[in-house]
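Please read the structure below before turning to the comments.
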Amino acid sequence: MIITLKDGSQKEYGQPMSVIDIAADISEGLARVATAAEINGEVEDLRTVIDQDCELNILTFDSEGGAAAFRHTTSHIMAQAIKRLYPDVKLAIGPSIADGFYYDVDSETPLTSDDLEKIEKEMKKIVKEGLAITRFTKPRQEAIEFFKEKNEPYKVELIEDLPEDAEISFYQQGEFVDLCAGPHLMSTKPVKAFKLTSLAGAYWRGSEKNKMLTRIYGTSYTKKADLETYLTRLEEAKKRDHRKLGKQLGLFMMRDEGPGFPFFLPKGMILKNTLLDYWREIHTKAGYVEISTPIMLNRQLWETSGHWDHYKENMYTTVIDETDFAIKPMNCPGGILVYQSEPRSYRDLPLRMGELGLVHRHEKSGQLHGLMRVRCFTQDDAHIFMTPEQIRDEIKGVAKLIDSVYQLFGFKYHVELSTRPENSMGSDEDWEMATDGLRSALDDLGLDYVVNEGDGAFYGPKIDFHLEDSIGRTWQCGTIQLDFQLPLRFNCEYTGADGEKHRPIMIHRVAFGSIERFIGILIEHFAGAFPTWLSPEQVRVLPISDKYLAYAEQVNEQLKEAGIRTGIDARSEKIGYKIRESRLAKVPYMLVVGAKEEEEGLVSVRSRFAGDEGQKELGAFIAAINEEIKTRTAREVTVQEEEQKN
């Protein structure tokens, strides 16, 4: 058999070989760090025996699949430690996730954060034991009886729900055996850098009707230094939590009277409206027209669009005049009705219609998270109707617009092309044409991208933009979806140059995604310290004492007249206290005024960026800050943190 490796080289063997043996044949060093393998594109176990020609990519921790296998093994080590310490605990599921792993357990005596240290200590023993990990299978009924004897009801339920012909595999390390499809490491020995990070409640199988289990989160790395870097980033993320900063800065609130429905406070509305003003500016320049469509439309529309069949469980519905209605979860069907409102010619195309539409989606309560996961949000949607010849240029135009947005906020990003999901509509030919259209545009732009198989929308493939924030976390925000289906379902038409009727092609796209979620990301990205143009309060005037209040008010009024968002701290407090308060409020500029400033018509400028900037003439300061706001410049911080505190 011939094994083709990732670099294109080939190895030939005269007998079946396991992946780990092939790795060892290539290099002992590779075998030591191998964690899993891709065989013909599918992630498999190192124990997998290959007996025919194939493409083989041996994975290490540096790859997504390799890290997942490493962390999945760590979750089993944690489960084994839990069973050693608390034998009566029942195990549910323990997958790897982005940056770590978790295991859901059912414990009669609630586990607390104090237990995590004990579990970690036992995990270290298991790693030190260097237990070999083996895989075996059992027939369905034997597998059920095996876990019934062990009093593991969640495992029994999982097996009973598997297809009748499914292979039921187990992994064993020492005395511990778990139901698992793998892949896993060859032994527990390599897992030396790990940390259990938190506990949370999680309903069994994500259903509120089921029992609440305890979910224990953790992470693991091959090197202690990498683990410490991650934990430092985790601590930094806690400081930047948008829920905490949103409350501290008076931006938004959540209430029990409306779980998942955010309330924007006055400062938050300034932030939101500033973002929307920017959105309108760049879309006007890019040739978009803005529309607004109703928040609720009848069932017939949603049946035509396909949402009623494909998305109904996430939609809020009601009955009006004996007719079913749904609150819109997406803006696209309304945009199509606008397109159909008048006859269209090829001369009208491309037609770029933008909408800041409020949509509602029924998210499970356990999935709600501040502004990141809500039940109502504003989508910065646009729908572009075009001819087939315009596809490539329009996709490139959207990609460039999204790039300009992320560049402004200092985000790096990577791109994914998501292909046809199982739950989809339309012909193979349409899907192939749509996917090729997106792929060609990305190739023309020279953008690197990865293919995300099966993650497209139900009506078409899409390009997703995953941005990276200031502490290295990634967020999926921008998306471009090419749609041949909805124009067909709604019988959209335009008159071509030949005088005949033709079907337009449609792009769905967002740049911010959800405005609310994007604000949450920005809060955490900037740690609440927004660039001056975006800050709800751009300047705060600080009189040294009540004697200079009149001059402070005069300065404040001139700032307002210049269009600067300004406030005044008129409290009878010491100036050091006022400066500290302004700093906590993340105000970009503080203007301190006292006797000398009043006498000479000056202001003493302190900024978040450079600390004490000295005395300036007010007109010069206004001209400088207005230029900073107009150009949306993000000033670099040049002063050390310790200097800022003094």
Would you mind listing every salt bridge (charged side-chain N to carboxylate O under 4.0 Å, His left out) that reaches into [range], with sequence neighbours excluded?
| range | value |
| --- | --- |
| residues 399-408 | none |
| residues 491-509 | Asp380-Arg509 |
| residues 317-333 | Arg299-Asp324, Lys328-Glu355 |
| residues 454-465 | Lys462-Asp464 |

Got a second to check how far [X]'s [atom1] is from [Y]'s [atom2], nearest 0.5 Å?
| X | Y | atom1 | atom2 | answer |
| --- | --- | --- | --- | --- |
| Phe377 | Ile515 | CZ | CD1 | 10.5 Å |
| Leu417 | Glu453 | CG | CD | 8.5 Å |
| Arg344 | Leu351 | CZ | CG | 5.0 Å |
| Asp381 | Ser514 | CG | OG | 11.0 Å |
| His242 | Leu522 | NE2 | CG | 11.5 Å |
| Ile507 | Glu394 | CD1 | CD | 6.0 Å |

So does [Y] get a backbone contact from the side chain of [X], meaning a donor-acceptor N/O pair under 3.5 Å?
| X | Y | answer |
| --- | --- | --- |
| Arg489 | Glu303 | yes |
| Arg352 | Ile384 | no |
| Ser535 | Gln538 | no |
| His508 | Cys332 | no |
| Ser440 | Gly437 | no |
| Asp393 | Gln390 | no |
| Arg565 | Pro536 | yes |
| Thr419 | Gly454 | yes |
| Gln481 | Gly460 | no |
| Asn40 | Cys54 | no |

Considering only heavy atoms from C-beta outward, does the side chain of [X] approach that of [Y] to under 4.5 Å?
| X | Y | answer |
| --- | --- | --- |
| Leu301 | His307 | no |
| Thr495 | Pro343 | no |
| Tyr413 | Cys477 | no |
| Pro531 | Pro588 | no |
| Trp279 | Leu356 | yes |
| Ile282 | Tyr288 | no |
| Arg439 | Val451 | yes |
| Pro329 | Trp302 | yes |

Side-chain donor-acceptor contact under 3.5 Å, Ser418 with Glu416: no
Polar side chain donor-acceptor pair, Glu55 to Thr4, under 3.5 angstrom: no
Aromatic plane relationship, Phe518 with Phe512 - under 30° parallel, 30 to 60° tilted, over 60° perpendicular: tilted
Ring geometry between Phe252 and Phe264 (parallel below 30°, tilted from 30 to 60°, perpendicular above 60°): tilted
Check against side-chain contact (heavy atoms from CB on, under 4.5 Å), Ile523 and Phe530: CA-CA 8 Å; Ile523 292 170; Phe530 303 108; 3.7 Å; yes
Report the residues that fulfil side-chain hydrogen bond (donor to acceptor under 3.5 Å, both in side chains) with [X], sequence neighbours left out, ordered by chain and then residue number.
| X | answer |
| --- | --- |
| Arg635 | Tyr589, Glu613 |
| Ser96 | none |
| His414 | none |

All ring pair (Phe, Tyr, Trp, His ring centres under 6.0 Å) counterparts of Tyr217, not counting sequence neighbours: Tyr102
Partners meeting ring pair (Phe, Tyr, Trp, His ring centres under 6.0 Å) with Tyr316 (sequence neighbours left out): His362
side-chain hydrogen bond (donor to acceptor under 3.5 Å, both in side chains) partners of residues 264-275, not counting sequence neighbours, each pair once: Lys272-Glu516
All pairs passing side-chain hydrogen bond (donor to acceptor under 3.5 Å, both in side chains) where residues 253-263 contributes a residue, at least two apart: Arg255-Glu257
Please check if the number of heavy atoms outside [X] that lie under 6.0 Å from its [atom1] is greater than 12.
| X | atom1 | result |
| --- | --- | --- |
| Glu290 | CD | yes |
| Glu160 | CD | yes |
| Asp448 | CG | no |
| Glu432 | CD | no |
| Gln476 | CD | yes |

Closest non-hydrogen atom pair between Ile480 and Leu438, with its separation: O-CD1, 4.3 Å
Electrostatic pair Arg473-Asp99, nearest N-O below 4.0 angstrom: no
Ion pair check, Lys6 and Glu38, cut-off under 4.0 Å: no
Listed once per pair and sorted, the ring pair (Phe, Tyr, Trp, His ring centres under 6.0 Å) pairs that draw on residues 317-343, sequence neighbours left out: Tyr339-Phe385
Phe409 ring center near His525 ring center (under 6.0 Å): no
